[in-house]
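Encoded as structure tokens, the structure appears first; notes follow it.
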Amino acid sequence: MPDVIPIKSLTDNPTFDVVLDTIERNKQIIVFVGSKSSAEKTAEEIAQYIKKNKIAIPHDCKLLSEQILHALSKPTKQCEREAKCVENGIAFHHAGLLQKQKTAIEHAFRQGTIKCICCTPTLAMGINMPAYRTVIRDLKRFTKWGQDYISVLEYHQMAGRAGRPGKDTRGEAITLAKTEAEKETIYEEFITADVEEIYSKLAVEPVLRTYVLSLIATEHVRTKKQIIDFFSKTFWAFQYKDMQKLEAIINKMLGLLEEFAFIESNKGEFTTALDYANESYIATAVGKRVAELYLDPLTAHALIEGMKCAKTFSTFSLLQLMCSQLELRPLLNVRKSEYEDIEQQLILHTEELLTDAPTAYDSDYDEFLKSIKTTLFFETWIQEATEEELLLKFDVRPGELYAKKERLDWLIYAAAELAKLLQSRTVEKELQKLRIRVEQGVKEELFTLLKFEGIGRVRARKLYDNKIKDTGDIKKADMITLTSILGPSLAVSLKKQVGIDVEKISVKENKRKGQISLMDY
DNA sequence: GGACGGTGAAACTTCAGGTTGCCTC
DNA sequence: GAAGTTTCACCGTCC
């Protein structure tokens, strides 16, 4: 057992004490907490303490702080909060941050500029970012069954970040116990405990559905016997040794895939067991595409059925169809205070729905309301709401928006591919448009402008509102206006893109001469 | 007396994250 | 179940 370095108690908060002690030794520390808001709050409080007590931070973090603040064209509250922490050499890190911000913070930590990161378990996974010390503050987390201890495996992941090979000769992983009894529990349950066994997830229906279909679609297997043989060699079979159970699930899956018309079997006049085992399957054209898209067949079926009944549909209908799929979970929570409002929206949009709405007495009603709220969230995004508006209205952080957007994008793409196969041209076209809108967060009217290099949602909107709506308008636009909207370099670039060579101009000079009046930005 | 700010209790919310799946520029 | 956030009542201060 290595010697233990005593830590001075300066505050009434043990986490603070450990962080302050580490900073005093000019070392770095990662504090693991259980939620995003905890990470933010802890970082903020430490930063405030450092500022108030004028604790010297060896590096100047002003530049990094500015960079974090201006990661978006308009900073959100989260950006402001992070920028303030970073100014004092402290940062928070979780999936709600923008990728740009996460990378900047990780880089600054490796460089030694940032001294302390308060984070959710994100940093324990994948990223190579060790520190002299780690503090694992929260060992319990909310699960389906209430508060529960995290796994030993996860504890090791976090504790293992302590110690930088080649730089330090030691590393310290600290866990905080509130009582003596808890100290013992932590020692037994985490420090000396063995890690949990790993279990195969193959027999989970969505996974099995997908694999059975892809095996058939790629013609890797043809007969039922071959399918069963294949699965009998998997880790699942090795672990559970219960092929009968697996066979029953496979049979159920085959039935389902046939019912969805993703596969066809040569069911003939089979009488013997051998005939039964040799029953062969081939994937239909739709089934093959579903497998290629790596969609869960159940989702594919739901999308197809939804699109089939799409005689009249709106953006809302299509978005809601996507939001009802498993792939988009977890959906946004409906708060007590907004319950009625969301129900009202549901009534307003009932005619547009492509899925069957449950009644208020059904058990899945709440989940359905969540899908409505998530649909409204995406609708707000494609109506060009800012990241800050989405954070305020839906409590969705920028990083979460991008993760959700990406999954929706993939689902829309998959749906469009299925629509193509089903020859539903109108739906396909609508989905393709929707995909661009979701990707960019814009109304359709900006499509033309988005094709130009250097023009995204913000600049396209500025141009459009200044009546510059297409190539012709860009050609006609005078350089002063264009420069005032986009800045000199981009104005020149845009003119070039429509085939006009112009010189850079300075708007300020002209403004002073009083030659023009521009819209105020 | 009214506006305003600070404080603390009570009520209300929310609770990690990632992976792959596709195509195109 | 616990921590964080919001809301609201209450109180003191200032103009």
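A, B, ... follow the sequence lines: proteins, then strands. Residue 1 opens every chain.
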Between A:Thr284 and A:Glu264, is any side-chain donor less than 3.5 angstrom from a side-chain acceptor? no

Whole Å only: how far is the NZ atom of A:Lys370 from the P atom of B:dC15? 10 Å

Applying a 4.0 Å non-hydrogen cut-off, can you work out what A:Ser337 is touching in the nucleic acid: base, sugar-phosphate, or nothing? sugar-phosphate

Using atom CG of A:Asp148 as one end and atom P of C:dG1 as the other, report the distance to the nearest whole Å. 12 Å

Can you build the contact string for nucleotides 17-25 of chain B? Use B for base contact, S for sugar-phosphate-only contact, and - for no protein heavy atom under 4.0 Å. SS--BBB--

Apply the side-chain contact (heavy atoms from CB on, under 4.5 Å) test between A:Ile7 and each candidate in A:Ile174, A:Leu20, A:Val19, A:Thr22; give the one that qualifies. A:Ile174

Please state the P separation for the pair B:dT19 and C:dA3 - nearest whole angstrom. 30 Å

Is the shortest side-chain heavy-atom distance between A:Val212 and A:Phe231 below 4.5 Å? yes

Are more than 12 heavy atoms, taken from residues, nucleotides or ligands other than A:Glu453, located less than 6.0 Å from that residue's CD atom? no

Taking the side chain of A:Lys41 as heavy atoms from C-beta outward, which of B:dT14, B:dA16, C:dG4 is closest to it? C:dG4

Are any non-hydrogen side-chain atoms of A:Arg459 and A:Phe452 less than 4.5 angstrom apart? no

Nearest-angstrom distance from the residue atom NZ of A:Lys336 to P of B:dT14: 11 Å

Among A:His94, A:Gln78, A:Glu400, which residue satisfies the side-chain hydrogen bond (donor to acceptor under 3.5 Å, both in side chains) criterion with A:Lys36? A:Glu400

Considering just the side-chain nitrogens and oxygens of A:Arg335, establish if one lies under 4.0 Å of OP1 or OP2 belonging to B:dT14. yes

Just by modelled atom types, is the A:Ser489 backbone N or O under 3.5 Å from a matching donor or acceptor in the A:Ser493 side chain? no

Please report, rounded to the nearest Å, how far the C1' atom of C:dA2 is from the OH atom of A:Tyr149. 13 Å

Using atom CG of A:Asn333 as one end and atom P of C:dT5 as the other, report the distance to the nearest whole Å. 17 Å

Without decimals, in angstroms, what is the distance between A:Gln147 CD and B:dA16 C1'? 13 Å

Measuring only the P atom in each nucleotide, how far is C:dG4 from B:dA16? A whole number of Å is fine. 12 Å

Test salt bridge (charged side-chain N to carboxylate O under 4.0 Å, His left out) applied to A:Glu384 and A:Lys462, A:Lys443, A:Arg461, the passing residue: A:Arg461

In whole Å, I'd like the distance from the CZ atom of A:Phe394 to the P atom of B:dT14. 13 Å

Just the dot-bracket of DNA chain C, please: which string comes out with Watson-Crick or G-U pairs under 3.5 Å, [ ] for crossing, | for another strand? |||||||||||||||

Partner of A:Pro297 under side-chain contact (heavy atoms from CB on, under 4.5 Å), chosen from A:Leu257, A:Ile263, A:Leu256: A:Leu257

To the nearest angstrom, how far is A:Arg141 atom CZ from C:dA3 atom P? 14 Å

